S.K.: 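Below is a structure I'd like to ask you about.
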Amino acid sequence: MDTGMKEGKKSTLKRVLDHISSYKWILAISILLAAVTVALTLYFPILCGRAIDCIIGPGEVDFTGWMVNEGLYVLAKKMVAVIFLTALAQWLMNVCNNQITYQVIRDVREEAFEKIQKLPLKYIDGHSYGDIVSRIIADVDQFADGLLMGFTQLFTGVITILGTLGFMLSINVGITLLVVVMTPLSLFVAKFIATRTHDMFLLQSKTRGEQTALIDEMIGNQKVVQAYGQEGRVLDRFDEINDRLEKCSLRAIFFSSLTNPCTRFVNNMVYAGVAILGACLAIGGGNQMGFIAFLGGAVTVGELSCLLSYANQYTKPFNEISGVITELQNALACASRIFELIEEEPQSPEPEHPVVVEQFDGSVTLEHVSFSYVPDQHLIEDFNLQVKKGERVAIVGPTGCGKTTLINLLMRFYDVNSGRIFVSGTDIMEMSRAGLRDGYGMVLQETWLKTGTIRENIAMAREDATEEEVIRAAKAAHAHSFIKRLPNGYDTVVSEDGDSLSQGQKQLLCIARVMLALPPMLILDEATSSIDTRTELKIQNAFASMMQGRTSFIVAHRLSTIKEADIILVMKDGNIIEQGDHKKLLAQGGFYANLYNSQFAK
């Protein structure tokens, strides 16, 4: 493993421990309960050993001072009490572990989701939605499984190992030394395999994210896939990713599955060593075994039974811990993808003391604005524009000329590379994004509905709106008639995709939102592109009424919709090449005139 990978694992582990430290008191209780569970579990073999010696040789006193003539009835009562208390402590420990795990997972998911709200749009646009969803859902679930196993078995295992050694030392030093000498071999095997599984689990997680992205893409665009007969190609692509996922998953599982049998082999050797040496000490009585007897002394049959039980208890955590380490490699691999998202560079920070515009007057000024999505590909350069209150500004031009980019800059979805933008005389970099966007109402070509009722979707613009105001806005958007025909009218529940509605109906609901909000500035980006011509004419009239006294930016490909604009900006290659009203630009006979005539040529 290279240095960068090691540093990455350390960083991820540190982040995980930082999140766990928020619940240190629950963790302390869990560790205490783990210690109680282990102590009671290790005390039980002593009771069993005493019972055996009590049956074999009543009245005798062994080398460790056990009073083997203790009544079986008393021992039985103690055993029942120990079993009950062990179960209770273990249950309470599991409750604590679940609390820690799922509170940490809740915090990580919340942090990741909050980060998505703060990420620049270029990150969202540059990554598949499916991969981002996979990180927050699938990767966090895998992380939770590994974390829960770690809490459940790791702490208990470590305490069991230490406690068992202590109890074994109190019975026989020689056998204990034999166990300790053979322990590093088991640890070496587990570490050797675990270090090779992390990279494989990371590749598995990334490939799973790639598969999720493809599924998300295909489900969202299934009509297009079928319309163009791409089912075969999509299936081939899915099969290729699925085959890669199978191979990397099998490799990861193969190596991780070696851990348990390898450590079991070493641990069985430990158990066999304890059995042979203990049997010799029990049979020889410690008088004929020379150096062995010198180290260990004699043991009774009950003590041998106890030591064998401890040997089994001692080796079991190594098997469990080796499995935990493997799961933790998977968990850390998934956690690294989550924290990679959380640690992404956020959008430029808000000003410490943002300027609050109490009343937007609608004036917008752009001074020497330059912007590009990719450093080497200039899009908008030295762009200047002055819009007065109440003016309607139409933006036209060929695809890729920068029309929507200009809207993104006005709304601060992207920040300019250089230059300044003023709204109501205030530099938008001095305002909070939320404060700036309060002044805009926006209707995009791409509609978006949330899962909820029609009423809730319209009222997103103003959650305190009354029923009458919602209906008035729907009527203004010419959506009221189709809403009343729905099964439950305004209480009809629609999904996020609005599958029960046509594209035009979804667009009308988005327009109704703006009609409800009536903001001081409007942005209409192909707002009527999915609406039939008859309804479009009605909405244009409603828009015309709503635009009175409001600054409006209109992006449209259909030039018939922008004839009444006060200013038409003709963009090409990120620059304004023509500017004026409809009649003036037609009279110039330039680029705009050619565009307009090409749409209406007979």
Side-chain angles (χ1 to χ4, degrees), residues 5 8 12 105 108-109 112-113 115-116 119 121-146 196-258 326-327 329-342 344 373-374 399 444-451 494-503 506 530:
M5 187 66 71
T12 301
I105 294 308
V108 170
R109 272 209 176 105
F113 195 78
K115 189 54 175 281
I116 290 177
L119 284 174
L121 278 183
K122 65 181 179 181
Y123 179 88
I124 305 296
D125 293 341
H127 291 75
S128 66
Y129 299 160
D131 181 65
I132 296 175
V133 171
S134 178
R135 294 186 189 214
I136 298 179
I137 303 299
D139 286 342
V140 173
D141 281 341
Q142 291 287 324
F143 175 45
D145 291 342
R196 280 155 180 77
T197 57
H198 178 270
D199 295 352
M200 298 175 190
F201 279 122
L202 184 59
L203 179 61
Q204 180 191 42
S205 183
K206 288 181 178 178
T207 309
R208 186 170 54 238
E210 189 179 345
Q211 186 183 62
T212 305
L214 175 64
I215 294 171
D216 179 73
E217 180 184 343
M218 291 306 102
I219 291 176
N221 300 279
Q222 190 59 227
K223 291 179 182 177
V224 178
V225 171
Q226 294 180 2
Y228 286 92
Q230 294 294 305
E231 295 93 335
R233 289 190 178 184
V234 170
L235 183 58
D236 290 341
R237 187 177 164 198
F238 178 83
D239 287 342
E240 186 272 329
I241 297 174
N242 211 26
D243 288 342
R244 283 194 284 118
L245 181 59
E246 178 195 16
K247 289 176 183 177
C248 64
S249 297
L250 285 174
R251 289 185 64 195
I253 293 170
F254 173 75
F255 273 87
S256 63
S257 65
L258 289 176
T326 300
E327 281 297 320
Q329 299 305 313
N330 187 14
L332 288 175
C334 293
S336 67
R337 280 170 43 83
I338 304 163
F339 292 132
E340 181 183 284
L341 171 65
I342 292 174
E344 276 293 330
Y373 292 103
V374 181
T399 301
L444 302 176
Q445 183 177 7
E446 297 178 0
T447 59
W448 183 80
L449 301 177
K450 69 173 184 176
T451 300
V494 294
S495 65
E496 177 187 349
D497 295 328
D499 291 335
S500 59
L501 304 177
S502 69
Q503 189 66 25
K506 290 188 282 186
S530 302

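Nothing here was measured: the structure is a model prediction, and the numbers come from that model. Computed from heavy atoms alone, side chains included, the values below leave out hydrogens, waters and symmetry copies.
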S.K.: When rounded to the nearest 0.5 angstrom, what distance separates CG in L203 from CG in L245?
M.R.: 9.0 Å
S.K.: Do E210 and K206 meet the salt-bridge criterion of a basic N to acidic O distance under 4.0 Å?
M.R.: no
S.K.: Looking at R251, I'd like to know if its CZ atom is crowded, meaning that more than 12 non-hydrogen atoms belonging to other residues, nucleotides or ligands lie closer than 6.0 Å.
M.R.: no
S.K.: Side chain of R337, backbone of V140: donor and acceptor closer than 3.5 Å?
M.R.: no
S.K.: Would you call C334 and R208 a side-chain contact if the rule is heavy atoms closer than 4.5 Å?
M.R.: yes
S.K.: With rounding to the nearest 0.5 Å, note down the distance linking CZ in R109 to CD1 in I342.
M.R.: 11.5 Å
S.K.: Rounded to the nearest 0.5 Å, how far does CD1 of I241 lie from CG of L214?
M.R.: 4.5 Å
S.K.: Please report the shortest heavy-atom distance between Q204 and C248, naming the atom on each side.
M.R.: CA-SG, 3.6 Å
S.K.: Show the nearest heavy-atom pair for residues R135 and L341, with the distance to one decimal.
M.R.: NH1-N, 4.0 Å
S.K.: How far apart are the C-alpha atoms of L250 and E246, what are their side-chain angles, what is the distance that settles it, and do they pass the side chain to side chain contact (heavy atoms under 4.5 Å, CB included) test?
M.R.: CA-CA 6 Å; L250 285 174; E246 178 195 16; 3.8 Å; yes
S.K.: Evaluate the side chain to side chain contact (heavy atoms under 4.5 Å, CB included) criterion for residues I137 and T212: first the C-alpha distance (whole Å), next the side-chain angles of each, then the deciding distance (0.1 Å), finally the verdict.
M.R.: CA-CA 11 Å; I137 303 299; T212 305; over 6 Å; no
S.K.: For the CG atom of D243 and the OG1 atom of T207, what is their distance to the nearest 0.5 Å?
M.R.: 11.5 Å
S.K.: For the residue pair F143 and V108, what are the closest heavy atoms and their distance?
M.R.: CE2-CG2, 4.3 Å
